[in-house]
Amino acid sequence: MTDVLISASELADLLKLEPCVVIDTRNPDAYGAGHLPGAVNVHEIFTFLATSTPEGMSELKTKFADAFGAAGLSGKETAVIYEQSMNSGFGQSCRGYYLLTMLGYPKVKVLHGGFDAWSAAGLPVTKDVQAPAKASFAVVPEAGEILIDAKTMLAAVGKPGIAILDVRDVDEWIGDSSSPYGKDFCPRKGRIPGAVWLEWYRMMKPTAEGPRFKSKDEILAECATVGISPTTPVYLYCFKGARASNTFLALKNAGVKDVRMYFGSWNEWSRDPSLPIEQGLPIAAQVTGKAA
């Protein structure tokens with residue numbers, strides 16, 4: 001597959017060569033203080049909390065098809081999405097990439113390093129606000145297979161061959177906190193039973209210019225530590241699908257073929273008492289699992 005990530009200098013060239021719609025996922029204040037020329041602000045890419053009922057999934061698709069159409073995406077343009085930096089927005093630019101991919105949009109790029117990389121390269125920044133011409137955004141229904149619901153996730157629990165991958169921060173994985181919004185934001189702390197864990201930060205590494213994604217081979221090496229190969233079906237989750245989108249981009253870019261996401265994630269799973277969770281430190285469960 002072609003690389004989803006685009007550097008600031010590559011983007012500056014691309015903008016001169018072909019029609020692009022640049023989408024800024026940051027909050028309106030950050031956008032107002034300065035953004036890429038021509039960028040449209042769509043902050044709800046980050047803020048929207050999805051549920052995986054049929055109605056919830058339908059609302060998610062309708063809401064973002066409308067939002068992306070309003071931003072000027074018709075299918076002819078390359079969508080370019082950015083956040084402040086790769087680790088400051090919990091993967092929010094990647095969440096935009098995931099949503100567009102789930103809706104079947106053909107051409108999507110994520111600015112590697114985000115706004116910080118663009119401004120560090122001395123490229124132009126503006127405060128001018130765009131008024132994009134609304135476009136008709138076409139949804140490709142079969143592209144939605146990368147979006148899974150709680151039932152599908154539940155069916156994968158205990159199923160050999162499918163990796164349930166939790167990418168939340170360590171305090172959430174060990175059940176010390178229920179969310180990045182506060183320890184007790186959700187009613188239950190813990191994890192989906194049988195999940196393996198790669199903290200989302202592990203897909204990236206520090207550089208002098210700020211965090212950047214690891215190479216494809218480095219990402220595959222991280223995956224191998226939890227038994228994931230390029231042919232393993234992977235079902236991702238985090239709290240609301242942002243950090244997992246960062247990992248989704250990393251895995252897809254590295255060549256992992258079948259990656260899907262439970263977008264409702266822990267925000268939804270923890271609120272349904274009928275869904276099983278694993279609590280306490282995960283070490284004991286993994287050790288006994290290996291012994292058996």
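What you are looking at is a predicted structure, and each value in this text was computed from that prediction instead of being measured.
Applying the side chain to side chain donor-acceptor pair (under 3.5 Å) test to residues at least two apart or on different chains, the pairs with a partner in residues 64-75 are S74-E77. For residues 194-206, every residue pair satisfying the salt bridge (charged side-chain N to carboxylate O under 4.0 Å, His left out) rule, not counting sequence neighbours, is listed here: R202-E222, K205-E218. Residue pairs that meet the side chain to side chain donor-acceptor pair (under 3.5 Å) test with at least one member in residues 143-157, sequence neighbours left out, are D149-T152. The ring-ring contact (aromatic ring centres under 6.0 Å, His included) contacts involving residues 8-41 comprise Y31-H35, where partners must be two or more places apart or lie in separate chains.
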Practice problem: Under the side-chain contact (heavy atoms from CB on, under 4.5 Å) rule, what do R95 and N246 come out as? Steps first, then yes or no, please. | Solution: CA-CA 7 Å; R95 199 180 198 239; N246 180 290; over 6 Å; no
Self-check item: Candidate pair L100 and M102, rule side-chain contact (heavy atoms from CB on, under 4.5 Å), full reasoning
Solution: CA-CA 5 Å; L100 280 163; M102 182 269 294; over 6 Å; no
Practice problem: Would you please test T51 and E268 for side chain to side chain donor-acceptor pair (under 3.5 Å) and show each step? | Solution: CA-CA 6 Å; T51 57; E268 178 180 58; 4.6 Å; no
Practice problem: Quick one: do D258 and V234 satisfy side-chain contact (heavy atoms from CB on, under 4.5 Å)? Show the steps, please. | Solution: CA-CA 6 Å; D258 184 3; V234 179; over 6 Å; no
Practice problem: Take F48 and E59 through the test side-chain contact (heavy atoms from CB on, under 4.5 Å) and record every step on the way to the result. | Solution: CA-CA 11 Å; F48 187 77; E59 183 196 357; 3.8 Å; yes
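Side chains of M261 and C238 form no contact here, defined as non-hydrogen atoms less than 4.5 Å apart. Residues D3 and N253 meet the side-chain proximity criterion, which asks for heavy atoms closer than 4.5 Å. For the pair P206 and P211, the minimum side-chain heavy-atom distance is 4.5 Å or more. When side chains are defined from C-beta on, C186 counts as touching R271, because their heavy atoms get closer than 4.5 Å. Between V125 and F115 the shortest side-chain heavy-atom distance falls below 4.5 Å.
For the side-chain contact (heavy atoms from CB on, under 4.5 Å) with V110, the lone residue among L11, V80, L5 that qualifies is L5. Partner of F239 under the ring-ring contact (aromatic ring centres under 6.0 Å, His included) criterion, out of F263, W266, F90, Y181: Y181 alone. Checked against R191 for a side chain to side chain donor-acceptor pair (under 3.5 Å), the options Q279, E278, E172 give a single hit: E278.
Remark: K183 pairs with D176 by the salt bridge (Lys or Arg N to Asp or Glu O under 4.0 Å) rule, at least two apart or across chains. For D116, the side-chain contact (heavy atoms from CB on, under 4.5 Å) partners two or more places apart in sequence, or in a different chain, are Q84, S85. Qualifying salt bridge (Lys or Arg N to Asp or Glu O under 4.0 Å) partners for K159, counting only residues two or more places apart in sequence or in other chains: none. For K63, the salt bridge (Lys or Arg N to Asp or Glu O under 4.0 Å) partners at least two apart in sequence or on another chain are E44. Scanning for side-chain contact (heavy atoms from CB on, under 4.5 Å) contacts around S274 gives D272, with sequence neighbours left out. Qualifying side-chain hydrogen bond (donor to acceptor under 3.5 Å, both in side chains) partners for S7, counting only residues two or more places apart in sequence or in other chains: S9, E10. Contacts of K189 classified as salt bridge (Lys or Arg N to Asp or Glu O under 4.0 Å), with partners at least two apart in sequence or in another chain: D184.
For the 3.5 Å distance criterion, the side chains of T78 and E18 qualify, holding a donor opposite an acceptor. There is no side-chain donor-acceptor pair under 3.5 Å between Y201 and N87.
Tracing side-chain contacts under 4.5 Å through hydrophobic residues (I, L, V, M, F, W, Y), one reaches L251 starting from Y97; they form part of the same cluster. Residues L249 and V108 share a hydrophobic cluster, clusters being chains of Ile/Leu/Val/Met/Phe/Trp/Tyr side chains in contact below 4.5 Å. In this structure, L236 is a member of the same hydrophobic cluster as L220, with clusters built from ILVMFWY side-chain heavy atoms closer than 4.5 Å. Under the 4.5 Å side-chain heavy-atom criterion for grouping Ile, Leu, Val, Met, Phe, Trp and Tyr, I219 is connected to I146 within one hydrophobic cluster. Criterion: ILVMFWY side-chain heavy atoms under 4.5 Å apart, direct or through other members. Under it, L99 and V4 are part of a common hydrophobic cluster.
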Show me the side-chain donor-acceptor pairs of residues 126-139 shorter than 3.5 Å, one per line, residues at least two apart or across chains.
{"unit_1": "T126", "atom_1": "OG1", "unit_2": "D128", "atom_2": "N", "d": "3.0"}
{"unit_1": "T126", "atom_1": "OG1", "unit_2": "D128", "atom_2": "OD2", "d": "3.4"}

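Here the side chain of E83 pairs a donor or acceptor atom with the backbone of S93 at under 3.5 angstrom. In this structure a side-chain-to-backbone donor-acceptor pair under 3.5 Å is present from H112 to F213. Counting only distance, with no hydrogens or angles, the side chain of S177 and the backbone of S179 share a donor-acceptor pair below 3.5 Å. Side-chain N or O atoms of Y235 include none that pairs as donor or acceptor with a backbone N or O of A156 at under 3.5 Å. Checking side-chain atoms of S245 against main-chain N and O of F248 turns up no donor-acceptor pair under 3.5 Å. No donor-acceptor pair closer than 3.5 Å links the side chain of Y82 to the backbone N or O of G113. At least one donor-acceptor pair closer than 3.5 Å links the side chain of H43 to the backbone N or O of R26. A donor-acceptor contact shorter than 3.5 Å is absent between the side chain of T25 and the backbone of I45.
To the nearest 0.5 Å, atoms CG (L198) and OG1 (T247) are separated by 7.5 Å. In this structure, the separation between CH2 on W118 and CG on L123 is 4.5 Å, given to the nearest 0.5 Å. Taken to the nearest 0.5 Å, the CH2 atom of W173 stands 5.5 Å off from the CG atom of D166. In this structure, CD1 in I23 is found 15.0 Å from NZ in K109, a value given to the nearest 0.5 Å.
Annotation for N267 and S270: closest pair O-OG, 3.8 Å, computed over non-hydrogen atoms. Residues I81 and G96 approach most closely at CD1-C, 3.4 Å, considering heavy atoms. Nearest approach of P276 to L154, heavy atoms of both residues: CD-CD1, 3.5 Å. In plain terms, the two heavy atoms of M86 and C94 that are nearest each other are CE-SG, 4.3 Å. Residues L147 and Y98 come closest through the heavy atom pair CA-OH, 3.2 Å. Of all heavy-atom pairs between A8 and A117, the closest is CB-O, 3.9 Å.
Remark: R168 is not positioned above the aromatic ring of W200, lacking an NZ or CZ atom under 6.0 angstrom from the ring centre and at most 45 degrees off the axis. In this structure, K240 is positioned above the aromatic face of F46, its NZ or CZ under 6.0 Å from the six-membered ring centre and within 45° of the axis.
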